[in-house]
Amino acid sequence: MRFIVALLSLLPFGALAHAAQPENGALNLQPAATRIMERLHGFHTYLLIIITVITLFVLALIIWACLRYNKRSNPVPRKFSHNTLVEVVWTVVPVLILVAIAGPSFSNLFYQENEPDLEQIAQSSDDNPNIYPEAAEAGWVTVKAQGNQWNWTYSFPDEQDDAGYPVEFVSNPLQRGLSSDNLDAARGPRNLAVDYPLVLPVNRYIRYQTAASDVIHSFAMPAFGIKTDAVPGRLNEGWFLVEEEGTYYGQCSELCGKDHAFMPIEIRVVSPDAYETWIETLKAGEFEAAFEGLPEPQQTVSTDEPTDATTRLAQAQ
């Protein structure tokens with residue numbers, strides 16, 4: 001009963017939660033940081049309305065059948081086994097519902113899976129909120145995320161150092177579920193923070209490529225609305241454009257071994273100038289200086305250790 005009361009009390013405020021990471025007690029999907037995720041939010045709400053109507057309709061049918069056809073109300077049952085009209089209705093209506101779901105689903109998949117034509121967008125002058133002419137003029141920022149057991153290797157194929165090699169670094173988790181873990185809240189949320197985050201510019205078209213060196217991993221960032229499997233021997237691609245600066249957290253979303261739970265993804269989205277400074281510093285080989293110059297991650301959830309079993313259970317839920 002206490003859980004139900006707490007859940008109902010959170011309903012009016014669930015949509016107001018703002019974070020780029022999971023929040024204890026939060027409802028709904030994470031707030032959108034890309035146009036892709038905004039479309040997924042709309043599709044999620046659309047499906048929620050459909051399933052709510054279906055659930056209420058089925059509940060009404062069950063209640064009506066229980067009241068109308070129980071033994072007391074209907075002592076002599078009718079003896080028939082088929083009704084052509086009913087059978088046609090319960091076949092056609094679900095098909096129509098699936099068609100109504102498939103339409104926006106295919107549209108969202110097409111938008112997410114197909115890279116936009118930046119040359120065409122750069123020449124556009126309309127007010128379509130799904131395109132960004134200024135970002136298109138600046139071109140793509142390409143990054144490759146390679147999954148390893150259990151960390152990520154990030155490389156920038158278009159950015160070479162003085163020796164002609166692409167800029168590359170390994171991003172390791174700060175915690176691995178051990179008693180020796182560093183639980184300093186200033187370093188970021190527990191089990192989500194890394195030593196070297198991926199840094200990307202705001203309001204730029206990002207093309208990400210992902211692969212794996214050992215087993216199947218999955219590059220996923222809930223606030224961006226992306227989730228792409230990293231498969232050994234195969235290069236998968238996707239794209240996004242982040243509209244707000246900040247620190248965003250995700251995790252590997254494919255069961256990849258014993259430390260699967262400790263393979264986080266941390267992305268810092270910064271201004272174009274800060275990004276250029278960061279990438280140029282990396283080209284010079286000064287990795288520590290590049291990451292020390294980044295803004296501190298925004299801490300929006302409590303990382304206090306639970307004090308009793310009830311609190312630990314609530315945080316796990």
Side-chain angles (χ1 to χ4, degrees), residues 20 29-44 102-147 152-160 166-168 171 197-212 216-246 248 250 252-254 265-272 275-276 278-279:
L29 305 174
Q30 288 189 23
T34 66
R35 191 68 63 185
I36 293 174
M37 192 57 185
E38 288 182 6
R39 293 168 68 107
L40 294 182
H41 269 276
F43 186 56
H44 173 264
S105 176
F106 291 154
S107 174
N108 287 327
L109 285 173
F110 183 85
Y111 181 81
Q112 183 176 359
E113 297 295 333
N114 290 270
E115 291 184 353
D117 186 343
L118 298 195
E119 293 184 3
Q120 181 178 358
I121 292 175
Q123 299 172 0
S124 176
S125 59
D126 58 23
D127 297 327
N128 188 337
N130 292 315
I131 62 176
Y132 304 81
E134 294 182 359
E137 291 180 1
W140 288 102
V141 174
T142 302
V143 59
K144 179 183 177 182
Q146 176 176 289
W152 294 93
T153 299
Y154 298 115
S155 60
F156 293 80
D158 299 332
E159 303 289 349
Q160 282 84 32
V167 173
E168 183 175 274
S171 177
L198 174 61
V199 179
L200 296 172
V202 70
N203 289 324
R204 286 289 302 273
Y205 281 98
I206 310 297
R207 177 196 289 121
Y208 68 92
Q209 303 170 337
T210 185
I216 299 177
H217 300 277
S218 185
F219 188 75
M221 183 58 62
F224 297 174
I226 62 172
K227 180 180 181 296
T228 305
D229 282 350
V231 182
R234 175 170 180 161
L235 193 66
N236 292 328
E237 291 187 343
W239 74 278
F240 58 84
L241 182 148
V242 187
E243 300 175 336
E244 295 182 8
E245 296 183 30
Y248 301 87
C252 173
S253 296
E254 191 72 57
I265 302 168
E266 180 178 346
I267 298 181
R268 304 275 185 93
V269 179
V270 299
S271 67
Y275 170 76
E276 290 298 330
W278 176 79
I279 199 70

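Considering only heavy atoms from C-beta on, Met37 comes within 4.5 Å of Leu29 through its side chain. Side-chain contact between Leu241 and Arg35 is absent, with no heavy-atom pair separated by less than 4.5 Å. Looking at Ile206 and Pro201, their side chains come closer than 4.5 Å, going by heavy atoms from C-beta outward.
Note on ring orientation: taking the six-membered ring where Trp is involved, the planes of Phe240 and Tyr208 are tilted (angle from 30° to 60°).
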Under the side chain to side chain donor-acceptor pair (under 3.5 Å) rule, what do Tyr132 and Glu243 come out as? Steps first, then yes or no, please.
CA-CA 10 Å; Tyr132 304 81; Glu243 300 175 336; 2.2 Å; yes
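In this structure, Phe224 CZ and Ile267 CD1 are separated by 4.5 Å, a value rounded to the nearest 0.5 Å.
Closest non-hydrogen pair, Pro157 versus Lys144, comes out as CD-N, 4.4 Å. The nearest pair of heavy atoms linking Gln112 to Gly225 is NE2-O, 3.0 Å.
Under the 3.5 Å distance criterion, the side-chain polar atoms of Glu254 are left unmatched by any main-chain donor or acceptor of Val231. Panel note: side chain Arg204, backbone Gly139; a donor-acceptor pair is recorded below 3.5 Å. Formation of a donor-acceptor pair under 3.5 Å by the Thr210 side chain with backbone atoms of Asn236 is not found in this model. A donor-acceptor pair under 3.5 Å links the side-chain atoms of His41 to the main chain of Gln30, judged by distance alone.
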